[in-house]
Amino acid sequence: MQYWLMKSEPDEVSIDDVMASPKQTTVWFGVRNYQARNFMRDQMQVGDGVLFYHSSCPEPGIAGLAQIVSTPYPDASQFDSNSKYYDPKATQETPRWISIDVQGTQKTRLLPLAEMRTIPALEDMVVLQKGSRLSITPVTAAQWKAIVKLLK
DNA sequence: GCCAACGTTGGC
DNA sequence: GCCAACGTTGGC
């Protein structure tokens, strides 16, 4: 059991979108970074906890809690020449990118990035490190616990 | 829109 | 395999 922070642009998929989906479940697609992909492929397990983070928006921060509800499978958008996520080098035989299903468990108050930076228990969070851009980053159990407490 | 930081590409 | 050039991310 591990914990993750996953970034989504609310213009694309917000926590409200996830909670409004059937079974509150959404397909996580479009990851085009190898490190993030490898986390999905090699480490994520069904049941892992997810901090749902809104990025590239007026108020970036954690907007909800979620969990991983599938094992990895090929990301369909890599094969779709009409998709902005199309990857001409990917083939059905040797897919390069993967998806995973994420189920929203709770929309929370927004925990803004600016507030996260003021909390000593969170100072080592990967997402808060200078230059950190990864869309999927690991979260420790202690960090998860501290955040859940803040969101109550 | 700016720009720092990081990732990827491709010539050599 | 190096590294310059370019592209992307994402907060501000």
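Sequence lines set the chain letters: A, B, ... in the order given, protein chains first and strands last, and positions in each chain run from 1.
Taking the six-membered ring for Trp and the full ring otherwise, the centers of A/Y34 and A/W97 sit less than 6.0 Å from each other.
One can place CG of A/L134 at 9 Å from P of C/dG10, the figure rounded to the nearest angstrom. Look at CD on A/E59: it is 15 Å from C1' on C/dG10, rounded to the nearest Å. As a whole-Å value, the separation of A/L128 CG from C/dG11 P is 11 Å. The distance between atom CE of A/M125 and atom P of C/dG11, rounded to the nearest whole Å, is 13 Å. Atom CD in A/Q35 sits about 15 Å away from atom P in C/dT9, given to the nearest Å. Between the P atom of C/dT9 and the CG atom of A/D11 lies a distance of 14 Å, rounded to the nearest Å. If you take CG of A/L113 and P of C/dG10, they are 11 Å apart, rounded to a whole angstrom. The CD-P distance, from A/Q129 to C/dG11, rounds to 14 Å in whole Å.
Between the side chains of A/Q103 and A/Q24, not a single donor N or O lies within less than 3.5 Å of an accepting N or O.
Here the side chain of A/R133 is nearest to one of B/dA5, B/dT9, C/dG11, namely B/dA5. Distances were taken from every side-chain heavy atom of A/N33 (C-beta onward) to each of C/dC12, B/dT9, B/dG7; the shortest belongs to B/dG7. Checked against C/dC12, B/dT9, C/dG10, the side chain of A/R117 finds its nearest nucleotide in C/dC12.
Contact annotation: A/K130 side-chain N/O to B/dA4 OP1/OP2 distance is not under 4.0 Å. Regarding contacts with the backbone of B/dC6, every side-chain N or O of A/Y34 stays at 4.0 angstrom or more from both OP1 and OP2. One finds no side-chain N or O of A/K7 lying less than 4.0 angstrom from the OP1 or OP2 phosphate oxygen of C/dT9.
Just one residue in the list A/T71, A/V69, A/I68 forms a side-chain contact (heavy atoms from CB on, under 4.5 Å) with A/D101, and that residue is A/V69. With respect to A/E9, the side-chain contact (heavy atoms from CB on, under 4.5 Å) criterion is satisfied by exactly one of A/S14, A/S135, A/S56: A/S56.
Residues A/I15 and A/L110 do not share a hydrophobic cluster, clusters being chains of Ile/Leu/Val/Met/Phe/Trp/Tyr side chains in contact below 4.5 Å.
Not a single donor-acceptor contact under 3.5 angstrom links the side-chain atoms of A/R32 to the base of C/dT8.
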